[in-house]
Engineer: 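My structure is below; once you've seen it, I'll send some questions.
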Protein chains: 2
Amino acid sequence: MTDKQEKILNAALELFAIHGYNAVSTSKIAKEANVSEGLIFRHFGNKKGLLDAILNQAYERATLLYSHIVSEEDPKKTIRETITLPFRLKESEYHFWKLQFKLKWELEISGADKVRPLLEKMAWAFEELNYKEPCKEAQTLHHIGESILGGILRDGIETQIPLKDFLLKKYDV
Amino acid sequence: MTDKQEKILNAALELFAIHGYNAVSTSKIAKEANVSEGLIFRHFGNKKGLLDAILNQAYERATLLYSHIVSEEDPKKTIRETITLPFRLKESEYHFWKLQFKLKWELEISGADKVRPLLEKMAWAFEELNYKEPCKEAQTLHHIGESILGGILRDGIETQIPLKDFLLKKYDV
DNA sequence: CATAAAAGTGAGTAATCACTTGCAAATATA
DNA sequence: TATATTTGCAAGTGATTACTCACTTTTATG
């Protein structure tokens with residue numbers, strides 16, 4: 001990974017996250033990254049290849065983010081950590097997560113498989129806590145978390161903060 | 001509203017909903033609608049004006065959809081109708097709602113103000129039912145509903161159906 | 001040091017973009 | 001029926017699109 005390759009990746013991530021994939025041209029990415037436009041195609045083949053490279057970083061990043069939850073042994077702590085997950089994101093990573101939401105709707109790239117381990121862990125936790133329908137509890141909480149994250153990314157974290165303690169209390173964790 | 005005007009509106013709605021705003025050109029819309037490209041600009045000024053015309057229809061449609069909930073007097077029924085709302089959408093209207101989700105992320109058009117009356121009604125219902133924090137309950141259920149609707153539009157209704165009865169039981173409505 | 005491979009450039013390409021213009025056909029109004 | 005207005009079309013416009021190619025510079029290897 002050369003210096004200029006990283007510059008391209010960073011510029012593209014930022015521009016895609018702000019404006020969307022289709023609204024950003026390769027020439028604008030090149031300008032933002034201070035490289036020639038041809039270099040993008042040398043390294044990534046085509047525009048879609050550039051996006052794929054960004055998304056590959058994504059996969060590792062996402063997995064890392066909740067790896068400590070998957071290996072958690074206390075069910076209550078599992079739920080607690082899952083609820084607080086969207087609130088613990090660094091602002092410097094907002095671009096990255098915003099891109100995920102944008103792509104989900106702009107290009108129908110789901111990313112659902114990437115969170116399956118977390119979903120299964122949540123189902124396990126709810127089962128341990130003797131909930132009647134752990135799978136559906138997990139799916140519901142996942143829905144809540146997803147929508148909260150969306151709210152944070154679009155409207156800012158302060159609009160969602162009140163929900164954090166409310167949910168922790170509601171689930172008694 | 002002439003016949004061709006409606007054809008343009010319908011073609012644009014469908015194409016925008018499937019591919020997104022930026023990915024659909026005015027020439028493709030014209031072709032799909034069987035009109036000359038110039039006619040789009042005659043009637044709607046520019047591409048953004050065409051989108052605005054579609055979104056104006058949207059506002060009326062969305063308001064109509066939950067108007068019966070806002071005027072509901074039984075709190076339990078209010079919650080019940082809100083939960084089942086995403087499941088009662090006609091498939092012919094999926095395009096329209098898909099476009100709403102797409103625009104929320106592609107062009108950061110929120111549409112949050114359009115559902116405020118529903119949110120307030122839900123808060124009222126939870127208060128009537130003696131929930132401790134009706135506003136946050138409403139916000140949480142709204143998050144769930146939004147995410148379920150998204151799931152229906154992206155992955156099909158069968159992926160979300162199991163959650164319907166689960167939620168109705170959970171909220172005891 | 002010599003040579004090959006990789007990294008990087010910048011001027012091209014055809015196709016497509018949103019949009020305009022000049023003019024004909026249809027419709028409304030008198 | 002005469003005239004004005006709206007509706008519609010086809011052929012444009014310059015700008016921008018993703019991408020290519022011939023070329024130079026840098027880096028790695030024997």
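Note that the coordinates shown come from a computational prediction; the quantities given were computed from them, not determined experimentally. The analysis underlying the following values was restricted to heavy atoms, covering all of them including side chains, and did not include hydrogens, waters or symmetry mates.
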Engineer: When you measure from the side chain of B/S36, which nucleotide among D/dA10, C/dG8, C/dA18 comes out closest?
Structural biologist: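 Nearest to the side-chain atoms of B/S36, counting from C-beta on, is D/dA10.
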Engineer: Decide if atom OH of B/Y59 counts as having more than 12 heavy atoms of other residues, nucleotides or ligands within a radius under 6.0 Å.
Structural biologist: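 No.
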Engineer: Specify the separation, in whole Å, of atom NZ of B/K47 and atom P of C/dA18.
Structural biologist: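 Answer to the nearest Å: 4 Å.
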Engineer: What is the distance, to the nearest angstrom, from the CG atom on A/L50 to the P atom on D/dC19?
Structural biologist: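 From A/L50 CG to D/dC19 P: 10 Å.
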Engineer: Should the heavy atoms of other residues, nucleotides or ligands under 6.0 Å from CD of A/E158 be counted, would the total exceed 12?
Structural biologist: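 Atom CD in A/E158 is packed in, count exceeds 12.
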Engineer: To the nearest angstrom, how far is A/K31 atom NZ from D/dT16 atom C1'?
Structural biologist: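 These atoms are roughly 11 Å apart.
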Engineer: Side chain of A/K28 only, please: which of D/dT17, C/dC17, D/dA18 is the nearest?
Structural biologist: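 So the side chain of A/K28 is nearest to D/dT17.
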Engineer: Go nucleotide by nucleotide along DNA chain D from the 5' end; which of A/G38 and A/R42 gets its closest nucleotide reached first?
Structural biologist: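 Upstream on the strand: A/G38.
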Engineer: Is the closest side-chain donor-acceptor distance between A/E37 and A/T26 under 3.5 Å?
Structural biologist: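 Short answer, yes.
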Engineer: Nearest whole angstrom, please: distance from the C1' of C/dA18 to the CZ of B/F44.
Structural biologist: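 Computing the B/F44:CZ to C/dA18:C1' distance gives 16 Å.
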Engineer: Check every atom of C/dG10, D/dC19, D/dG8 against the side chain of B/L39 and return the nucleotide holding the closest atom.
Structural biologist: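 The answer is D/dG8, which lies nearest to the side chain.
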Engineer: Is the cationic atom of A/K98 (NZ for Lys, CZ for Arg) positioned less than 6.0 Å from the six-membered ring centroid of A/F101 and within 45 degrees of its normal?
Structural biologist: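 The answer is no, since A/K98 fails at least one limit relative to A/F101.
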Engineer: Within the distance-only criterion (no hydrogens, no angle test), does the side chain of A/K170 pair as donor or acceptor with the backbone N or O of B/E137 below 3.5 angstrom?
Structural biologist: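 Answer holds: no.
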Engineer: In this structure, are over 12 heavy atoms from other groups packed under 6.0 Å from B/R116 atom CZ?
Structural biologist: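 For B/R116, atom CZ is not crowded (no more than 12 foreign heavy atoms under 6.0 Å).
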Engineer: CG of A/L51 versus P of D/dA18: gap in Å, rounded?
Structural biologist: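 In whole Å, D/dA18 P lies 13 Å from A/L51 CG.
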Engineer: State plainly whether the residues A/R88 and A/E93 are in salt-bridge range, i.e. N to O under 4.0 Å.
Structural biologist: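 Not counted as a salt bridge, because no side-chain N and carboxylate O are separated by less than 4.0 Å.
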Engineer: In whole angstrom, give the distance that lies between atom CD1 of B/I40 and atom P of D/dA10.
Structural biologist: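 Answer to the nearest Å: 14 Å.
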Engineer: Would you please confirm or rule out a distance under 4.0 Å between OP1 or OP2 of D/dG8 and any side-chain N or O of B/H43?
Structural biologist: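 For B/H43, the contact criterion (side-chain N or O under 4.0 Å from OP1 or OP2 of D/dG8) is met.
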Engineer: Just to be sure I understand the geometry, which residues of residues 1-27 of chain B put a non-hydrogen atom under 4.0 Å away from DNA chain D?
Structural biologist: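 B/T2, B/K4, in order of number.
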Engineer: Rounded to the nearest angstrom, tell me the gap between atom CD in A/E37 and atom P in C/dG10.
Structural biologist: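 Going from A/E37 (CD) to C/dG10 (P), I get 12 Å.
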